[in-house]
A.B. asks: 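Provided herewith is a single structure, encoded as structure tokens, for subsequent inquiry.
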Amino acid sequence: MLWIKDYCKKKYYEKVILTNSTDNEIIHDIFTRINNAKNYKNLKNIIRESFNSNSQLKLEQAIRAKRKRFYDAQNQHTKKKSIDLEYAVWRKLSDKSVELGSSLSETIEYLISETNKKTKVSKKFKDIKKDLNHLLNL
């Protein structure tokens, strides 16, 4: 309910017309009723009666997006992180992700795991080579 009120308040102060009416007094009255709404049902009724259909749709989409961002941020595995990349690096990463048919995050994970595998194989190869040299010197 708070998200709906915040959204409506923001649009009201931005002078975005969400209602069926263009009369400032009626718009002010509608937003006063929204701010004074005590429960979700009353708030939804005010919006259904007063807002035009396009504004109702945009409101629902904005609330759904905000709710998703809020809940995604609660979990470590869904929380978004950002990194700064030079354009050339991003371009290479993007091309590789298209080649693999995966997202940028999945491509980074893949490249890191491949590098780790290569490092392990290289270390084993060096150990085997060292053991072989040791055997040949005996």
Side-chain angles (χ1 to χ4, degrees):
M1 186 162 106
L2 184 61
W3 288 335
I4 295 173
K5 286 185 176 185
D6 287 344
Y7 177 86
C8 292
K9 193 181 301 182
K10 179 182 174 209
K11 294 299 179 183
Y12 178 69
Y13 289 126
E14 291 175 354
K15 304 278 188 224
V16 175
I17 297 176
L18 301 173
T19 62
N20 292 321
S21 175
T22 56
D23 183 17
N24 285 337
E25 287 183 30
I26 294 173
I27 293 171
H28 180 72
D29 181 52
I30 291 169
F31 285 100
T32 302
R33 287 176 38 214
I34 287 172
N35 281 331
N36 295 335
K38 299 293 183 204
N39 60 42
Y40 183 74
K41 187 177 179 182
N42 288 346
L43 186 60
K44 289 298 280 182
N45 287 337
I46 295 167
I47 290 170
R48 193 177 314 110
E49 293 168 2
S50 308
F51 282 26
N52 61 46
S53 60
N54 190 35
S55 296
Q56 288 179 29
L57 178 64
K58 285 183 180 180
L59 171 68
E60 291 300 321
Q61 290 171 340
I63 300 305
R64 192 171 26 255
K66 184 162 184 151
R67 191 177 297 128
K68 180 171 180 2
R69 285 191 302 273
F70 175 79
Y71 288 118
D72 283 352
Q74 296 298 307
N75 297 322
Q76 188 67 24
H77 68 280
T78 56
K79 193 171 188 175
K80 299 290 182 189
K81 307 287 188 280
S82 64
I83 57 173
D84 291 328
L85 296 175
E86 293 180 17
Y87 179 78
V89 174
W90 173 83
R91 184 78 248 158
K92 289 177 184 177
L93 183 61
S94 178
D95 291 343
K96 186 66 174 177
S97 73
V98 168
E99 178 185 317
L100 295 173
S102 59
S103 69
L104 292 177
S105 294
E106 292 167 338
T107 302
I108 292 169
E109 280 187 67
Y110 171 76
L111 293 172
I112 290 170
S113 68
E114 287 298 310
T115 303
N116 288 341
K117 288 177 190 175
K118 186 177 178 182
T119 303
K120 287 178 185 177
V121 168
S122 177
K123 185 180 182 311
K124 284 183 181 180
F125 184 71
K126 284 181 183 179
D127 290 344
I128 290 171
K129 190 175 177 183
K130 183 179 172 184
D131 289 345
L132 186 59
N133 282 333
H134 180 68
L135 286 173
L136 292 173
N137 289 335
L138 288 177

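The first residue in the sequence is number 1, and the count goes up from there. Because the structure is predicted, anything quoted here is derived from the model rather than measured.
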A.B. asks: Taking C-beta and beyond as the side chain, do I4 and I63 meet within less than 4.5 Å on heavy atoms?
C.D. replies: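 Touching, per the 4.5 Å side-chain cut-off.
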A.B. asks: N45: what forms a side chain to side chain donor-acceptor pair (under 3.5 Å) with it, not counting sequence neighbours?
C.D. replies: R48
A.B. asks: Hey, are the side chains of W90 and E86 touching, using non-hydrogen atoms and a 4.5 Å cut-off?
C.D. replies: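 No, their side chains stay 4.5 Å or more apart.
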A.B. asks: Does a salt bridge link K9 with E14, judged by any charged N lying under 4.0 Å from a carboxylate O?
C.D. replies: no
A.B. asks: Under 3.5 Å, which donor-acceptor pairs do the side chains of residues 104-120 form with other protein atoms, sequence neighbours left out?
C.D. replies:
unit_1	atom_1	unit_2	atom_2	d
E106	OE1	S103	N	2.9
E106	OE1	S103	OG	3.4
T107	OG1	S102	OG	3.0
T107	OG1	S103	O	2.8
S113	OG	E109	O	3.4
S113	OG	Y110	O	2.8
T115	OG1	L111	O	2.8
T119	OG1	T115	O	2.8

A.B. asks: Under a 4.0 Å threshold between the charged nitrogen and the carboxylate oxygen, would D127 count as salt-bridged to K123?
C.D. replies: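 The answer is yes: the pair qualifies as a salt bridge.
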A.B. asks: May I ask whether V16 and I46 are part of the same hydrophobic cluster, defined by side-chain heavy atoms of I, L, V, M, F, W, Y residues being less than 4.5 angstrom apart, directly or through others?
C.D. replies: yes
A.B. asks: Begin from the C-alpha positions of D95 and R91 and carry the test salt bridge (Lys or Arg N to Asp or Glu O under 4.0 Å) through to its verdict.
C.D. replies: CA-CA 6 Å; D95 291 343; R91 184 78 248 158; 3.0 Å; yes
A.B. asks: Honestly curious: do V89 and Y87 fall in one hydrophobic cluster under the side-chain, below-4.5 Å linking rule?
C.D. replies: yes
A.B. asks: Got a sec, which hydrophobics cluster with L136, joining ILVMFWY side chains under 4.5 Å apart, including via others?
C.D. replies: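 Answer for L136: L132.
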A.B. asks: Are any non-hydrogen side-chain atoms of L59 and Y7 less than 4.5 angstrom apart?
C.D. replies: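 Yes - at least one pair of side-chain heavy atoms lies under 4.5 Å apart.
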A.B. asks: With distance as the sole test, does S50 use its side chain to make a donor-acceptor pair with the main-chain N or O of I47 at under 3.5 Å?
C.D. replies: no
A.B. asks: List in chain and number order the residues that pass side chain to side chain donor-acceptor pair (under 3.5 Å) with K44, two or more places apart in sequence or in another chain; answer none if no residue qualifies.
C.D. replies: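 Partners of K44 by the side chain to side chain donor-acceptor pair (under 3.5 Å) criterion, ordered by chain and then number, come out as E60.
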A.B. asks: Sort and list the pairs that fulfil side chain to side chain donor-acceptor pair (under 3.5 Å) and have at least one residue in residues 129-138, not counting sequence neighbours.
C.D. replies: none
A.B. asks: Check for a donor-acceptor pair, side chain of K5 on one end and backbone N or O of N35 on the other, with a separation under 3.5 Å.
C.D. replies: yes
A.B. asks: If you round to the nearest 0.5 Å, how far is OG of S53 from NZ of K58?
C.D. replies: 11.0 Å
A.B. asks: Would you be so kind as to tabulate the donor-acceptor pairs closer than 3.5 Å made by side chains of residues 21-32, with sequence neighbours excluded?
C.D. replies:
unit_1	atom_1	unit_2	atom_2	d
S21	OG	D23	N	3.1
H28	ND1	Y12	OH	2.8
T32	OG1	H28	O	2.8

A.B. asks: Measuring from L18:CG to F51:CZ, what's the distance to the nearest 0.5 Å?
C.D. replies: 4.5 Å
A.B. asks: To the nearest 0.5 Å, what is the distance between CZ (R33) and CG (N42)?
C.D. replies: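 So the CZ of R33 and the CG of N42 are separated by 9.5 Å.
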